[in-house]
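Remarks on the structure that follows.
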Amino acid sequence: MALIVHKYGGTSMGSVERIQNVARRVAKWHRAGHRMVVVPSAMAGETNRLIDLAKAIQAEPDRRELDMLASTGEQASVALLAMALKVEGVDAISFTGWQVPIVTDSAFTKARIESIDDHRVREHLDQNRVVIITGFQGIDHAGNITTLGRGGSDTSAVAVAAAIKADECLIYTDVDGVYTTDPRIVSDARRLDRITFEEMLEMASLGSKVLQTRSVEFAGKYKVKTRVLSSLTPPDIALDKEMNSGTLITFEEEMDGTHMEQAVISGIAFQRDEAKITLTKVPDVPGVASRILGPVAQANIDVDMIVQNQAVNGTTDFSFTVNQNDFKRALKVLEEQVVPTLGGGEVTGDPLIAKVSIVGLGMKSHAGIASRMFECLAKEGINIRMISTSEIKTSVVIEDKYLELAVRALHKAFGLEGAPVEEGGA
């Protein structure tokens, strides 16, 4: 039978009763003959509780010690799930990331996986045990416990699935798949039966909270068949029905030809937690972008959209966006390390922005999609602050207060509430 990885989020592990439901679901798959590896998150709210404790002690918690603390949430989850499976009559064993080991770099609170040793996992699978591994964490080369950042359990699960060459990785969440946009904002958003890795990667990186970006990168790179489905269905649901539910993340060549021709736009993604930073009167000389963004990168701050205005009198304005959590640190880096070396100009910031994006493989073969987006936003009186495009997406930065209006308007303009809009449609 198949080698399967299950991943369960914090909501799925949020109480004793829910952990028992997870155990019943996993036991069902195991009894059907599948070899099972499970990667659970910490119980809902536990990571936030631990971080709040840290901040009560130290206003800016030491990152190494914060990882040491935050990693304990998943350790409790795996042990409790192993106990629940034993009650179900299924032999199970739990491991932390460092016991596997899952080896990462040393970027505390946002580490990246470098390698996974599958020897220990396979040893216990061969003994017909369910193997349970902590998500979200690993160990660096110096022996320090590291964490992968928010949503890191998704990345752990897909990386483990790649390492053990699993047949499929099932990501169980509190939603029943990937939608055309957030149903909490657009009530008639549709669940997608399938989406390509390329589209899902864009959706994840542009603000869709269903999967962490790095998990999709792993899945695409190592060709891990991945499915997003609901953990809130009854644990005794028929196995064949469960195996075909949710949203399958697959490859472009596996998508149905008719669907590919019609699906101009697959979804609307958005991100609230962005901030814009601008450096004015920057010298318009070769290498200036590197001189600005180099120190930002060295501070381990990720930059998203970048816009450089046309030079006037030998200077230009240079704008970029960062996550709001990195906003103050980025300003400090620029003011202390960049402005003094560039000379002149000033640093300004705007934390009240949002990014809205349209995503779809159909953009490759359909002209005028971006202009339709801009026209839609103009009709709603929404001013565009920044624009970024690629083959399959167009993103704009707007004022945060217009976010929901923009998402609803674009969802309707591209016909995502019903059948996908065909070429020449509205």
Side-chain angles (χ1 to χ4, degrees), residues 2-10 13 22-23 26 29-30 34-43 47 64 67-86 90-172 212 214-215 217-219 221-222 224 226:
L3 175 54
I4 303 291
V5 173
H6 279 195
K7 182 269 176 180
Y8 292 92
M13 300 291 294
V22 168
V26 173
W29 283 73
H30 184 263
H34 298 294
R35 304 169 78 203
M36 299 297 299
V37 175
V38 186
V39 179
S41 297
M43 297 177 72
T47 302
R64 180 195 181 277
D67 275 3
M68 177 70 79
L69 178 65
S71 67
T72 62
E74 279 72 20
Q75 188 169 339
S77 288
V78 294
L80 291 169
L81 182 55
M83 295 174 194
L85 279 164
K86 290 175 187 292
V90 174
D91 194 6
I93 187 167
S94 65
F95 293 112
T96 61
W98 65 264
Q99 288 176 307
V100 173
I102 298 173
V103 179
T104 75
D105 61 20
S106 300
F108 296 115
T109 75
K110 53 173 72 173
R112 290 185 174 272
I113 295 173
E114 294 183 350
S115 65
I116 297 177
D117 186 343
D118 67 339
H119 176 77
R120 195 171 193 181
V121 174
R122 290 190 178 279
E123 184 180 89
H124 288 280
L125 287 173
D126 289 343
Q127 296 173 33
N128 201 34
R129 290 192 177 102
V130 172
V131 178
I132 310 168
I133 303 171
T134 53
F136 178 63
Q137 63 189 256
I139 187 169
D140 71 6
H141 294 281
N144 299 301
I145 290 176
T146 57
T147 69
L148 310 183
R150 287 310 178 106
S153 292
D154 290 344
T155 303
S156 300
V158 175
V160 166
I164 65 175
K165 296 179 172 58
D167 294 286
E168 189 164 349
C169 180
L170 279 66
I171 309 289
Y172 286 88
Q212 191 197 44
R214 280 184 288 167
S215 68
E217 290 175 346
F218 258 104
K221 181 178 180 180
Y222 295 101
V224 178
T226 305

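- Once rounded to the nearest 0.5 Å, the distance linking OG of S71 with CG of N144 reads 11.0 Å.
- Heavy-atom minimum distance, A219 versus V158: N-CG1, 3.4 Å.
- Across all their heavy atoms, P40 and L81 have their closest contact at CG-CD2, 4.3 Å.
- Checking side-chain atoms of R122 against main-chain N and O of I164 turns up a donor-acceptor pair under 3.5 Å.
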Practice problem: Given side-chain hydrogen bond (donor to acceptor under 3.5 Å, both in side chains), test D67 with T147 step by step and report yes or no. | Solution: CA-CA 6 Å; D67 275 3; T147 69; 2.7 Å; yes
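- Between atom OH of residue Y172 and atom OG of residue S41 there is a gap of 14.5 Å, rounded to the nearest 0.5 Å.
- Proximity of S156 to L148: side-chain heavy atoms (C-beta onward) are separated by under 4.5 Å at one or more points.
- Residues M43 and S77 are in side-chain contact: their nearest non-hydrogen atoms beyond the backbone lie under 4.5 Å apart.
- Contact detail for T104 and G138: the closest heavy-atom pair is CG2-CA, 4.0 Å.
- Separation of atoms CG (D91) and CD (Q127) is listed at 8.5 Å; rounding is to 0.5 Å.
- Between A163 and D118, the shortest heavy-atom distance links the atoms O-OD2, 3.5 Å.
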Practice problem: In sequence, state the C-alpha distance, the side-chain angles, and the governing distance for V130 and W29, and then conclude on side-chain contact (heavy atoms from CB on, under 4.5 Å). | Solution: CA-CA 10 Å; V130 172; W29 283 73; over 6 Å; no
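- Here the OH-CG distance, from Y8 to L170, works out to 8.0 Å after rounding to the nearest 0.5 Å.
- When all heavy atoms of S215 and T155 are compared, the closest pair comes out as N-OG1, 3.3 Å.
- The two atoms that bring V160 and I116 nearest to each other are N-CD1, 3.7 Å, heavy atoms only.
- Not one N or O on the side chain of H141 forms a donor-acceptor pair closer than 3.5 Å with the backbone of S106.
- Using bins of under 30°, 30° to 60° and over 60° for the plane-to-plane angle, the ring pair F218/Y222 lands in the parallel bin.
- Using a 4.5 Å heavy-atom threshold, the side chains of T96 and Q137 count as touching.
- Here the OG1-NZ distance, from T146 to K110, works out to 14.0 Å after rounding to the nearest 0.5 Å.
- Between E74 and V39 the shortest side-chain heavy-atom distance does not fall below 4.5 Å.
- The CZ atom of R214 sits 5.0 Å away from the CZ atom of R112 when rounded to the nearest 0.5 Å.
- Using a 4.5 Å heavy-atom cutoff, the side chains of R35 and V131 are not in contact.
- Annotation: side chain of I132 is not in contact with side chain of V26 (no heavy-atom distance under 4.5 Å).
- Between I133 and I102 the shortest side-chain heavy-atom distance falls below 4.5 Å.
- Residue K165 places its NZ atom among 12 or fewer non-hydrogen atoms of other residues, nucleotides or ligands, all under 6.0 Å distant.
- A heavy-atom distance below 4.5 Å is not found between the side chains of V121 and F95.
- Panel note: side chain D167, backbone L3; a donor-acceptor pair is recorded below 3.5 Å.
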